[in-house]
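Each ligand, and each atom within it, is numbered from 1 in the order the structure gives. Everything quoted here is computed from the prediction, not taken from an experiment.
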Amino acid sequence: MREACIQSLERGRTSYTSNYGLQELRDAISAYLFNQEKLEYNPDDQILITVGVSEAMDLVMRALLNPGEEVICPEPCYVSYKPCILFAGGVPVSIPTTTETEFCVEPEKIRAAITPKTKALLISYPSNPTGAVAPRKTLEKIVAIAKEHDLYIITDEIYDRLSYDAPHTCVPALSGAYERTIYLNGFSKAYAMTGWRIGYAAGPADIIEAMMKIHQYTMLCAPIMGQIAALEAINNGYDDSQQMIDQYAQRRRVIVKGLNEAGLPCLMPGGAFYAFPSIKETGLNSNDFSERLLFEEKVVVVPGNAFGDCGEGHVRCSYATSIEKIEQAMQRIARFVKKFS
Ligand SMILES: Cc1ncc(COP(=O)(O)O)c(C=O)c1O
């Protein structure tokens with residue numbers, strides 16, 4: 001990816017691209033989604049290249065929501081969801097999840113949260129911060145509810161390739177989902193390309209056009225260098241990234257074992273690269289635990305309540321680092337937890 005970018009820079013490819021993004025990249029994403037999921041997205045008007053999924057999330061909210069319209073979102077969830085809904089004048093409606101359902105949303109709770117103002121459901125599996133993966137049946141039920149109430153589905157599938165125990169379920173590929181789903185994905189996680197800032201949205205042409213209009217006046221286009229590197233990733237990076245993903249699967253077992261042995265009960269995450277242990281037995285809240293662990297043991301975790309109130313009593317631990325570092329962190333966490341036993 002780096003080589004592709006350097007070579008294209010040396011050839012002077014430093015211009016703007018189409019507002020929708022480089023045609024070659026949209027063609028490649030369209031072909032990829034067809035090969036992987038049999039999804040047909042027209043690269044001319046159904047795919048928009050964005051500055052990461054972060055921008056795509058902001059655009060989709062601003063394109064869809066009228067003031068006061070509600071978006072239902074299971075929590076704990078990624079930190080930007082609520083702010084993006086609020087920036088767009090919408091109202092986030094949280095559905096708390098807990099370890100009892102392995103942090104997977106119960107479809108009936110979604111149904112119970114629907115009001116005349118509900119516009120969309122926002123889901124993201126595998127989940128940041130919990131690593132939860134929703135079973136296919138659960139997602140099918142969610143799609144059926146969206147259909148019944150004529151709601152949009154926004155699905156952030158940035159961790160799709162990091163699904164360890166079961167094949168990933170792609171929401172727009174489920175029966176009845178395609179025409180009401182805005183699918184978000186990107187290159188940050190599966191290809192470890194966070195700094196290149198390339199994501200994309202795929203969905204109904206009218207919604208993608210509305211998103212493109214906001215994108216055109218705020219970003220103009222995603223940077224061409226990142227788009228060229230992403231094109232290389234999607235065309236030639238799949239197998240290399242699979243090696244990295246296999247590594248994550250091993251690290252996942254090391255971190256979960258280490259946390260449980262340290263006295264922090266932790267479920268085995270089905271996807272992404274986060275473990276979300278309970279810290280309740282220490283008697284500390286999530287913020288105090290995280291701050292003290294940082295200062296006393298130089299280990300960084302994120303307080304669970306950063307991802308929604310129901311994340312209180314947990315912390316998020318990333319295992320996107322080497323096994324050696326994970327093992328060292330586990331020893332330090334065990335030493336820290338002992339202080340409270
Ligand atoms: C669930 C989820 N969505 C979106 C993002 C942002 O991704 P990007 O780098 O594509 O903006 C992240 C980054 O951590 C994430 O975890």
Side-chain angles (χ1 to χ4, degrees), residues 1 21 25 29 47-62 71 73-85 87 92 94 97 103-105 120-134 139 153-163 168-171 181-202 211 214-215 218-219 221-223 225-227 229-231 233-234 237 241 244-245 248 252 269-276 300-304 306-308 311 315-321:
M1 278 95 86
L25 181 57
I29 290 169
I47 294 176
L48 175 68
I49 310 296
T50 57
V51 180
V53 171
S54 303
E55 192 214 353
M57 187 60 69
D58 180 41
L59 294 177
V60 73
M61 294 306 172
R62 290 203 267 162
V71 179
C73 179
E75 280 185 353
C77 67
Y78 182 54
V79 289
S80 80
Y81 295 169
K82 260 192 186 171
C84 284
I85 297 167
F87 290 158
S94 306
T97 64
F103 293 110
C104 186
V105 69
L121 314 178
L122 168 54
I123 50 179
S124 177
Y125 296 104
S127 153
N128 176 4
T130 64
V133 169
L139 294 170
I153 302 171
I154 302 157
T155 179
D156 173 356
E157 299 188 22
I158 194 164
Y159 295 100
D160 60 348
R161 295 217 24 230
L162 287 82
S163 184
H168 175 70
T169 304
C170 178
V171 171
T181 299
I182 300 91
Y183 171 82
L184 311 184
N185 207 333
F187 293 82
S188 288
K189 311 296 172 179
Y191 297 97
M193 289 176 70
T194 50
W196 295 91
R197 309 306 306 125
I198 301 296
Y200 58 91
M211 291 170 67
I214 305 167
H215 173 77
T218 51
M219 294 292 154
C221 65
M225 291 77 82
Q227 294 193 60
L231 181 62
I234 200 164
S241 65
M244 176 191 77
I245 293 162
Y248 286 147
R252 170 181 76 135
F273 43 62
Y274 309 104
F276 201 62
V300 182
V301 295
V302 180
F307 307 93
V315 293
R316 190 196 72 173
C317 310
S318 165
Y319 52 91
T321 187

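- For atom 12 (C) of ligand 1, the closest non-hydrogen atom on the protein side is Tyr78 CZ, 3.4 Å.
- Closest to atom 7 (O) of ligand 1 among all protein heavy atoms lies Ile158 CD1, 3.3 Å.
- Heavy-atom separations between Lys189 and ligand 1 include at least one value shorter than 4.0 Å.
- The closest protein non-hydrogen atom to atom 1 (C) of ligand 1 is Asp156 OD2, 3.3 Å.
- Summary of contacts: the protein heavy atom closest to atom 10 (O) of ligand 1 is Val53 N, 2.7 Å.
- Side-chain atoms of Asn185 come within 3.5 Å of backbone N or O of Glu157 as a donor-acceptor pair.
- Judged by the 6.0 Å distance and 45° axis criteria, Arg161 is positioned over the aromatic ring of Tyr191.
- When atom types are taken as modelled, the side chain of Gln227 and the backbone of Ala222 share a donor-acceptor pair closer than 3.5 angstrom.
- Ligand 1 lies nowhere less than 4.0 angstrom from a heavy atom belonging to Thr194.
- For the pair Arg197 and ligand 1, a heavy-atom separation below 4.0 Å is found.
- Ligand 1 has at least one atom lying under 4.0 Å from a heavy atom of Tyr159.
- At least one heavy atom of Tyr81 sits less than 4.0 Å from an atom of ligand 1.
- Contacts of Ser54 with ligand 1, taken as heavy-atom pairs under 4.0 Å, involve both backbone and side chain.
- In this structure, Gly186 falls outside the shell of residues with a heavy atom less than 4.0 angstrom from ligand 1.
- Remark: the backbone N or O of Gly226 is not paired with any side-chain donor or acceptor of Arg197 at under 3.5 angstrom.
- A ring pair (Phe, Tyr, Trp, His ring centres under 6.0 Å) with Tyr274 is found for exactly one of Tyr159, Tyr319, Phe307, namely Tyr159.
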